[in-house]
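This report concerns only the one structure given below.
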2 protein chains.
Amino acid sequence: MDTQNQVFSYIEPEENSGYLLWQVTMQWQLSMNRALGKMELTLTQFSLMAGLYWLGEKKGAVTQQQLADYANTDKMMTSKVLAVLENKQLIERVKDPGDSRAKQLKMTDKGIEVLREAYRVVKAVDDVFFKDVMKDKVVFDGLLMRLIK
Amino acid sequence: MDTQNQVFSYIEPEENSGYLLWQVTMQWQLSMNRALGKMELTLTQFSLMAGLYWLGEKKGAVTQQQLADYANTDKMMTSKVLAVLENKQLIERVKDPGDSRAKQLKMTDKGIEVLREAYRVVKAVDDVFFKDVMKDKVVFDGLLMRLIK
DNA sequence: CTAATTTAGTTGTCGTGACTACTAAATTAG
DNA sequence: CTAATTTAGTAGTCACGACAACTAAATTAG
């Protein structure tokens with residue numbers, strides 16, 4: 001066969017690490033969003049709330065930019081999602097007394113309660129999803145960590 | 001410290017496989033979209049074109065639903081992205097003669113040309129992105145494949 | 001001190017990605 | 001054969017996620 005006109009060098013998509021990574025992550029994300037959907041949360045909303053909780057425990061006051069840096073989300077998207085979380089009364093945004101451009105983020109009691117429950121849900125989904133690679137978790141996580149720039 | 005009121009059991013997000021997977025994939029996707037952006041393509045558009053090319057090589061005529069099944073994309077999204085690709089004259093959609101509900105997909109010459117170039121770009125990005133795990137590719141891909149449902 | 005630059009946050013656009021709801025055609029069941 | 005169901009595709013909604021462009025406040029440089 002004339003391979004000159006072939007677009008690909010006969011590499012099945014299934015042999016492509018990037019494609020596999022993408023497929024797996026989309027499935028994981030879908031599982032998470034479906035599970036969290038029952039409590040009216042998205043994965044991104046959960047992720048920002050969890051990040052805020054963590055940073056809050058570590059550093060006290062947290063601004064939107066600090067949270068965005070921590071969660072590797074851009075500040076524009078972060079701003080919008082936090083506005084949604086504020087509307088749901090899961091967090092509060094108050095003017096930073098020291099820097100009037102910034103806003104300090106605080107979780108409400110309701111927010112902490114929802115986060116606690118969401119965390120259980122997320123953990124349960126993860127346990128099922130990663131069940132088949134559980135015994136290789138260290139290897140798996142190690143490989144992933146090598147890929148984070 | 002009183003751990004009863006803690007939301008999490010002191011598990012850093014960095015130790016969570018799902019979180020790592022998500023972060024890595026988002027970075028991979030961003031690299032891909034930036035690289036493909038130079039040729040006015042998105043990763044999803046490339047992915048559907050590549051899938052169409054593959055299926056076409058294997059089976060000849062391809063419908064939207066078949067492509068959606070192959071690429072694990074939902075048919076609604078697939079329909080919209082294919083409409084975009086048709087507008088760009090990278091593919092054609094013609095009525096299936098055997099099933100008047102269905103549309104047969106065909107790549108145009110321009111589409112094949114763009115796909116060829118896009119494939120080079122994608123391959124180059126992948127080579128850089130996965131450079132650090134190249135020697136463990138078999139292990140890495142194996143783990144990912146175990147996670148695909 | 002004042003001008004230039006940087007930083008924190010918002011608004012709006014585009015392209016997925018999941019989903020509901022719909023049309024029309026094909027298939028299956030009775 | 002006809003009714004019920006399934007299938008292929010489209011339209012529209014919501015929520016990211018990347019980005020450009022913007023305001024206003026803080027910081028730095030001269």
Side-chain angles (χ1 to χ4, degrees), chain A residues 22-38 40-49 61-88 91 93-105, chain B residues 22-49 51 61-88 91 93-105:
Chain A
W22 194 24
Q23 292 289 319
V24 169
T25 302
M26 292 306 290
Q27 285 184 20
W28 175 80
Q29 207 170 21
L30 181 55
S31 306
M32 282 296 174
N33 277 319
R34 280 180 178 157
L36 287 170
K38 289 160 200 155
E40 311 258 286
L41 269 191
T42 66
L43 176 59
T44 305
Q45 287 164 18
F46 165 78
S47 179
L48 286 180
M49 285 178 69
V62 179
T63 66
Q64 294 192 181
Q65 187 59 61
Q66 285 165 354
L67 179 54
D69 289 344
Y70 182 68
N72 289 312
T73 50
D74 72 53
K75 62 177 181 177
M76 294 80 87
M77 194 269 288
T78 306
S79 169
K80 285 169 197 170
V81 175
L82 290 175
V84 171
L85 291 175
E86 189 178 39
N87 277 337
K88 293 187 189 178
I91 67 163
R93 298 189 290 177
V94 297
K95 277 226 158 168
D96 186 310
D99 183 339
S100 66
R101 295 168 305 175
K103 291 184 176 176
Q104 282 192 2
L105 303 172
Chain B
W22 194 24
Q23 294 289 319
V24 170
T25 302
M26 293 305 290
Q27 285 183 20
W28 175 80
Q29 205 170 22
L30 182 55
S31 306
M32 282 296 174
N33 276 320
R34 280 179 177 159
L36 287 170
K38 289 161 200 155
M39 46 199 316
E40 310 259 284
L41 269 191
T42 67
L43 176 59
T44 304
Q45 288 163 17
F46 165 77
S47 179
L48 286 180
M49 285 178 70
V62 179
T63 66
Q64 294 193 181
Q65 187 60 60
Q66 286 164 355
L67 179 54
D69 290 343
Y70 183 68
N72 289 311
T73 51
D74 73 52
K75 61 178 180 177
M76 294 79 84
M77 193 268 288
T78 305
S79 169
K80 284 168 197 169
V81 175
L82 290 176
V84 171
L85 291 176
E86 190 178 37
N87 277 336
K88 293 186 190 181
I91 67 164
R93 297 190 291 179
V94 296
K95 275 227 157 165
D96 185 310
D99 184 339
S100 66
R101 293 169 307 176
K103 291 183 178 177
Q104 282 192 2
L105 304 173

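A, B, ... follow the sequence lines: proteins, then strands. Residue 1 opens every chain. Because the structure is predicted, anything quoted here is derived from the model rather than measured.
B:Q64 has no side-chain polar atom (N or O) that falls below the 4.0 Å cut-off from OP1 or OP2 of D:dT7. Between B:S79 and D:dT10, a side-chain N or O to OP1/OP2 separation shorter than 4.0 Å is present. Using a 4.0 Å cut-off, no side-chain N or O of A:T78 falls inside it from OP1 or OP2 of C:dG9. Proximity of B:T42 to the phosphate of C:dT16: a side-chain N or O atom is located under 4.0 Å from OP1 or OP2. Look at B:K103 and you'll find a side-chain N or O under 4.0 angstrom from OP1 or OP2 of D:dT10. Put simply, A:T73 has no side-chain N or O that comes within less than 4.0 Å of OP1 or OP2 on D:dC16. Put simply, A:R93 has a side-chain N or O that comes within less than 4.0 Å of OP1 or OP2 on C:dT10. Residue B:Q66 places no side-chain N or O under 4.0 Å from the OP1 or OP2 atom of D:dA8.
Remark: P of D:dG17 and CG of B:L30 are 12 Å apart, rounded to the nearest angstrom. The CZ-P distance, from B:R101 to D:dT6, rounds to 13 Å in whole Å. Separating the CD atom of A:E40 from the P atom of D:dC16 is a distance of 13 Å, rounded to the nearest angstrom. When rounded to the nearest whole Å, the span between CH2 of A:W28 and C1' of C:dG17 equals 15 Å. If you measure from atom NZ of A:K80 to atom C1' of C:dG12, you get 7 Å, rounded to the nearest angstrom. Atom CD in B:Q65 sits roughly 18 Å away from atom P in C:dA25 (whole-Å rounding). Rounding to whole angstrom units, CD of residue B:Q29 and P of D:dG17 are separated by 9 Å. Between B:M77 atom CE and D:dA8 atom C1' the separation is 16 Å, expressed in whole Å.
Backbone-only engagement by A:T63 is indicated by non-hydrogen atom pairs under 4.0 Å involving sugar-phosphate atoms exclusively. B:M26 comes within contact range of the sugar-phosphate backbone alone, with a heavy-atom separation under 4.0 Å but no base atom that close. Nucleic acid contact class of A:D74 (heavy atoms, under 4.0 Å, all strands): base. Residue contacts shown for A:V81 are limited to sugar-phosphate atoms, with no base heavy atom under 4.0 Å away.
In this structure, CG on A:L67 lies 6.0 Å from CG on A:L82, to the nearest 0.5 angstrom. A:Q65 CD to A:R101 CZ: the interatomic distance, rounded to the nearest 0.5 Å, is 10.0 Å.
Where A:K95 and A:M76 meet DNA chain D, the nucleotide closest to each residue was compared, and A:M76 sits on the side nearer the 5' end. Along DNA chain D, the nucleotide nearest to B:R34 and the one nearest to A:G98 differ in position, and the one closer to the 5' end is contacted by B:R34.
Looking only at side-chain heavy atoms (C-beta outward), A:Q45 and A:L36 stay at 4.5 Å or farther from each other. Side-chain contact between A:T44 and A:M77: present, with at least one pair of heavy atoms (C-beta onward) separated by less than 4.5 Å. A 4.5 Å side-chain heavy-atom check between A:Y70 and A:V62 finds every atom pair outside the cut-off. Residues B:L30 and B:M26 fail the side-chain proximity criterion, which asks for heavy atoms closer than 4.5 Å.
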